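Remarks on the structure that follows.
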Amino acid sequence: MNKDLKENSVALKKEMTFKERLWVRIPVSLLIGLISVLVYNHHAEFSWDGFVAGFNQEFLIFFCIGVFAQLVDGTLGMGYGATSTSFLLAYGVPPVISSTGVHVAEMFTTGASAISHHKFGNINKKLVRHLLIPGVLGSITGAYLLADVIDGDVIKPFIAVYMIALACIIIRKAMQKNIIKKKTKRLGILASFGGFMDAVGGGGWGPIVTSTLLGRGRNPRYTIGSVNAAEFAVSFASGITFMIFGGIQGWEVIIGLILGGVIAAPIAALLVNKIKRQPMMILVGILIIILSLRTLSKLL
């Protein structure tokens, strides 16, 4: 009897260990596969001279944007797309290149972020499963429209206005007090809308999904970790869609964002419970508004 119990216990532990490892192995496998495909399809576009020449002042700017955006996203559970897109648009990067760059970079940074949050025990797996498929479907739809249907020059001022709206959402959520915990309904609709707006606007998954869940009184630590984990699949889906329908443009932007984001991801996961969220959210919101207004002033 005791022997059977021990065998069942060992088998259960092995099964749990295998499932736990999947949360790391799946992102790592997808990222390795993506790197292999990119190298195979685009190796002819690169040369050693071009590689060295790419490490210039612009690359350093994109790298710093990647570091800052990932620190914001990893600690607040929102703001990577909104922050990086606002900076890129303000710097003069076109919307399609900006959104493509952000989402291809997010395929790596969110993978690193998901692994980091899993390591620190910040993930609610049930919540991730509820967000995953609807978020992916919404992001694929949005990425297809931006890459193959919508004119980037026409939509640029609307994206800047959308970024200001996201910043206002971030600030409003930061100012909320005495949040009463409520049951979150229609998670699928929330995830679909968040994924769609994230792909079209270059950001929004965190401000829409994370802020709504936190506004319902959910635990910040597990909400941020879970939404970041689901964001890996959402970003991967939209990034692949951009590659298929729009190709890949702006390698300097992409590589700068990737390197900056991957380096900052574990630091952000470690800081998630150690910083004061309210002042940080307000500061990020104000920064996004300033950058978006600067973009609008150039267009009007």
Side-chain angles (χ1 to χ4, degrees), residues 65 68-91 93 95 98-99 102-103 106 131 135 138-139 142 146 150 152 154-180 182 184-187 189-218 220 223-224 227-228 230-231 234-235 238 268 272 275-300:
I65 291 173
F68 182 70
Q70 186 58 42
L71 285 174
V72 169
D73 188 76
T75 52
L76 300 182
M78 65 182 82
Y80 182 91
T83 304
S84 52
T85 300
S86 298
F87 270 110
L88 292 172
L89 289 178
Y91 191 67
V93 178
S98 173
S99 194
V102 167
H103 285 94
E106 278 191 313
L131 297 173
S139 70
L146 184 60
I150 301 172
V154 172
I155 201 175
K156 191 171 184 178
F158 295 100
I159 293 175
V161 172
Y162 170 61
M163 288 299 155
I164 293 173
L166 287 183
C168 292
I169 291 173
I170 292 172
I171 294 171
R172 184 172 65 85
K173 293 297 181 182
M175 301 299 289
Q176 278 187 339
K177 296 180 179 179
N178 302 321
I179 297 173
I180 301 171
K182 302 173 185 176
T184 309
K185 298 179 180 178
R186 300 183 179 90
L187 274 174
I189 295 174
L190 175 66
S192 296
F193 180 68
F196 178 82
M197 293 307 298
D198 185 80
V200 171
W205 174 258
I208 292 169
V209 179
T210 304
S211 63
T212 299
L213 295 177
L214 291 178
R216 291 279 174 174
R218 281 183 172 265
T223 298
I224 292 169
V227 173
N228 267 265
E231 190 176 13
V234 171
S235 299
S238 57
V272 70
I275 65 160
K276 292 185 178 180
R277 288 178 53 77
Q278 187 182 47
M280 181 70 170
M281 289 175 74
I282 293 171
L283 181 64
V284 169
I286 292 171
L287 179 61
I288 291 171
I289 289 173
I290 292 171
L291 290 169
S292 299
L293 287 174
R294 185 171 180 270
T295 301
L296 281 174
S297 69
K298 288 181 177 181
L299 297 171
L300 300 176

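Nothing here was measured: the structure is a model prediction, and the numbers come from that model.
In this structure, T212 OG1 and F193 CZ are separated by 9.5 Å, a value rounded to the nearest 0.5 Å. Summarising the geometry, atom CG belonging to L88 is positioned 4.5 Å from atom CD1 belonging to I65; distances are rounded to the nearest 0.5 Å.
Considering every non-hydrogen atom in both G142 and A199, the closest pair reads C-CB, 3.7 Å. The two residues A191 and W205 make their nearest non-hydrogen contact at O-CZ3, 3.3 Å. Residues S139 and V234 approach most closely at OG-O, 3.2 Å, considering heavy atoms. For the pair T85 and S98, the tightest heavy-atom approach, listed with the atom from each and the gap, is CG2-OG, 3.7 Å.
Y80 has its side chain within reach of V102: a pair of non-hydrogen atoms, C-beta onward, lies under 4.5 Å apart. Two residues are said to be in side-chain contact when any heavy atoms from C-beta on lie closer than 4.5 Å; T210 and N228 fail this criterion. Counting only heavy atoms from C-beta outward, the side chains of I282 and M175 approach each other to under 4.5 Å. L283 places none of its side-chain heavy atoms less than 4.5 Å from the side chain of L287.
Applying the side chain to side chain donor-acceptor pair (under 3.5 Å) rule to pairs touching residues 191-201 yields H103-D198, sequence neighbours excluded.
Residues satisfying the side chain to side chain contact (heavy atoms under 4.5 Å, CB included) criterion with F196, sequence neighbours excluded, are T141, L145, V200. Residues that satisfy the side-chain hydrogen bond (donor to acceptor under 3.5 Å, both in side chains) test with S238, not counting sequence neighbours, are absent from this structure. Contacts of Y91 classified as ring pair (Phe, Tyr, Trp, His ring centres under 6.0 Å), with partners at least two apart in sequence or in another chain: F62.
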Indicate every side-chain donor-acceptor pair of residues 160-172 with a distance under 3.5 Å to a residue at least two apart or in another chain.
residue: Y162; atom: OH; partner: G203; partner atom: O; Å: 3.0

